Amino acid sequence: RLARRLEISPLSMVVLCILLTLLTACLVASPALAADVRVKGDRLLVDGRPFLLKGIHYSAWLPGTGPAKDHPWPDDAVTERDLEMIRKANANAVLLYDDAPPRVFDQAAGHGLMVLQAFSINWQMIHDEDYFARRSQEILRRVEQVRDRPNLLAWVLGNEVVEWVYEQRGSDFIAGRLERLARAGK
C-alpha cells in the first residue's frame, strides 16, 4: 500500500526497505561517544530530536584523479573547503564511500555534518561466495575504524542494485546477503 501511495517502483521499495532495515539494525553506537540514532514511526531521530536529512554525496576526487587511478585522497585543505561549502548550502549530512579516510569524519563533525558511511558492492558478483566473503571482511574492517564516531548517522551497504541482478537473483537473495552482512557489523 505504501509503495502505491507514494508511487514507488517495487525495486525502489526493496532498496528503501533494505536501507531502513540497515538504518535501524546496523547503527552501532558506543553510548559514550556515538549519536543515538533511531527510527520512530516515520521519523528519524538523532539524540531524541527529529532529524530532517539534507545530505550531499561527497567525494573529494578532482577530475582525472580517483581511487581507481591510485591517487591519494585529496589533502585536508580541499576537504575543508568542500565541507564548508556543503554546510553553507544548508546540508546537515554527507554520504562518504569507504575510500574516504576516517579523518574526514572529524572534518565533517567540525562543520556540524553527520555522515552516512556507504560501502560499494559489486552487484554482478554478489552471488559469488568468495567475492562476498572478501568484500564483507573489507567492509567489517572499515566498520571497526569508524563505528564510534559521534557523527555517524548510518551505514549504507551497497547502492543502486542493477535491475538485471535484481531480476535474476531476486529481492530475497539480495536482502539475505545484506542482512547477513549487517548482522556481522552489529
Side-chain angles (χ1 to χ4, degrees), residues 1-30 34-46 51 53-59 67-68 93-102 104-105 108 113-186:
R1 286 186 288 179
L2 179 63
R4 259 186 268 120
R5 194 170 82 209
L6 296 176
E7 297 182 21
I8 297 174
S9 73
L11 176 59
S12 295
M13 193 60 168
V14 167
V15 172
L16 179 62
C17 288
I18 290 169
L19 289 176
L20 289 175
T21 299
L22 294 174
L23 181 63
T24 58
C26 298
L27 289 171
V28 180
S30 166
D36 178 33
V37 180
R38 299 176 188 270
V39 175
K40 186 174 182 181
D42 64 351
R43 300 190 97 179
L44 176 62
L45 304 176
V46 175
F51 187 82
L53 180 64
K54 298 178 283 181
I56 292 177
H57 178 178
Y58 177 62
S59 177
V94 290
L95 180 135
L96 298 175
Y97 272 94
D98 49 338
D99 62 341
V104 178
F105 272 81
L113 297 167
M114 298 295 284
V115 174
L116 292 100
Q117 175 68 75
F119 299 99
S120 61
I121 294 175
N122 180 344
W123 294 110
Q124 291 84 350
M125 296 292 293
I126 195 167
H127 67 283
D128 183 288
E129 290 294 334
D130 291 336
Y131 163 78
F132 194 72
R134 280 191 314 277
R135 186 63 184 131
S136 294
Q137 288 308 307
E138 292 167 0
I139 289 169
L140 293 172
R141 277 193 296 277
R142 176 59 177 213
V143 164
E144 287 303 316
Q145 290 178 334
V146 299
R147 74 178 331 132
D148 292 328
R149 299 296 176 135
N151 58 332
L152 175 64
L153 184 62
W155 312 114
V156 180
L157 299 177
N159 188 15
E160 301 174 5
V161 179
V162 180
E163 189 170 352
W164 71 263
V165 173
Y166 172 78
E167 290 170 355
Q168 192 176 75
R169 299 289 171 198
S171 61
D172 289 343
F173 178 82
I174 294 168
R177 287 282 169 128
L178 293 176
E179 287 169 8
R180 187 172 83 192
L181 180 55
R183 281 193 300 277
K186 248 182 139 175

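On a predicted model such as this, the values are computed, not experimentally measured, just so you know. Scope of the values below: all heavy atoms of this structure, side chains included, with no hydrogens, waters or symmetry mates.
Remark: Arg177 is positioned above the aromatic ring of Phe132, its terminal NZ or CZ atom under 6.0 angstrom from the ring centre and at most 45 degrees off the axis.
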(message) Does Met114 form a side-chain contact (heavy atoms from CB on, under 4.5 Å) with Val46? I'd like the steps, not just the answer.
(response) CA-CA 10 Å; Met114 298 295 284; Val46 175; 4.1 Å; yes

(message) Checking Trp123 against Arg169 for the side-chain contact (heavy atoms from CB on, under 4.5 Å) test, could you report, in this order, the C-alpha distance in whole Å, the side-chain angles of both residues, the deciding distance, and whether it holds?
(response) CA-CA 10 Å; Trp123 294 110; Arg169 299 289 171 198; over 6 Å; no

(request) Start with the C-alpha distance between Leu178 and Ile121, add both sets of side-chain angles, then the distance that settles side-chain contact (heavy atoms from CB on, under 4.5 Å), and finish with yes or no. (result) CA-CA 10 Å; Leu178 293 176; Ile121 294 175; 3.6 Å; yes

(request) List the steps, then state whether side-chain contact (heavy atoms from CB on, under 4.5 Å) holds for Tyr97 with Ser59. (result) CA-CA 8 Å; Tyr97 272 94; Ser59 177; over 6 Å; no

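Summarising the geometry of Asn151 relative to Ala108, their closest heavy-atom pair is ND2-CB, 3.8 Å, with the distance given to 0.1 Å. The heavy-atom pair separating Val161 from Tyr166 by the smallest distance is CG1-CB, 3.9 Å. Closest approach of Leu95 and Ala118 over heavy atoms only: CD2-CB, 3.8 Å. Contact record, Ala93 with Leu116: CB-CD1, 4.0 Å, taken as the closest heavy-atom pair. Pairing each heavy atom of Val146 with each of Pro102, the nearest pair is CG1-CB, 4.1 Å.
Evaluation of the salt bridge (charged side-chain N to carboxylate O under 4.0 Å, His left out) rule for Arg135 yields Asp98, Glu138 as partners, not counting sequence neighbours. Every residue meeting the salt bridge (charged side-chain N to carboxylate O under 4.0 Å, His left out) condition with Glu144, not counting sequence neighbours, appears here in chain and number order: Arg147.
Counting only heavy atoms from C-beta outward, the side chains of Leu113 and Tyr58 never approach each other to under 4.5 Å. Between Leu53 and Leu153 the shortest side-chain heavy-atom distance falls below 4.5 Å.
Separation of atoms CG (Leu96) and CG (Leu152) is listed at 10.0 Å; rounding is to 0.5 Å. Interatomic distance, CD1 of Ile139 versus CG of Leu181, reported as 5.0 Å (0.5 Å rounding).
Under the side-chain contact (heavy atoms from CB on, under 4.5 Å) rule, Gln145 has a single partner from Arg149, Arg142, Arg141, which is Arg142.
Heavy-atom contacts from other residues, nucleotides or ligands closer than 6.0 Å to CZ of Arg180 number more than 12.
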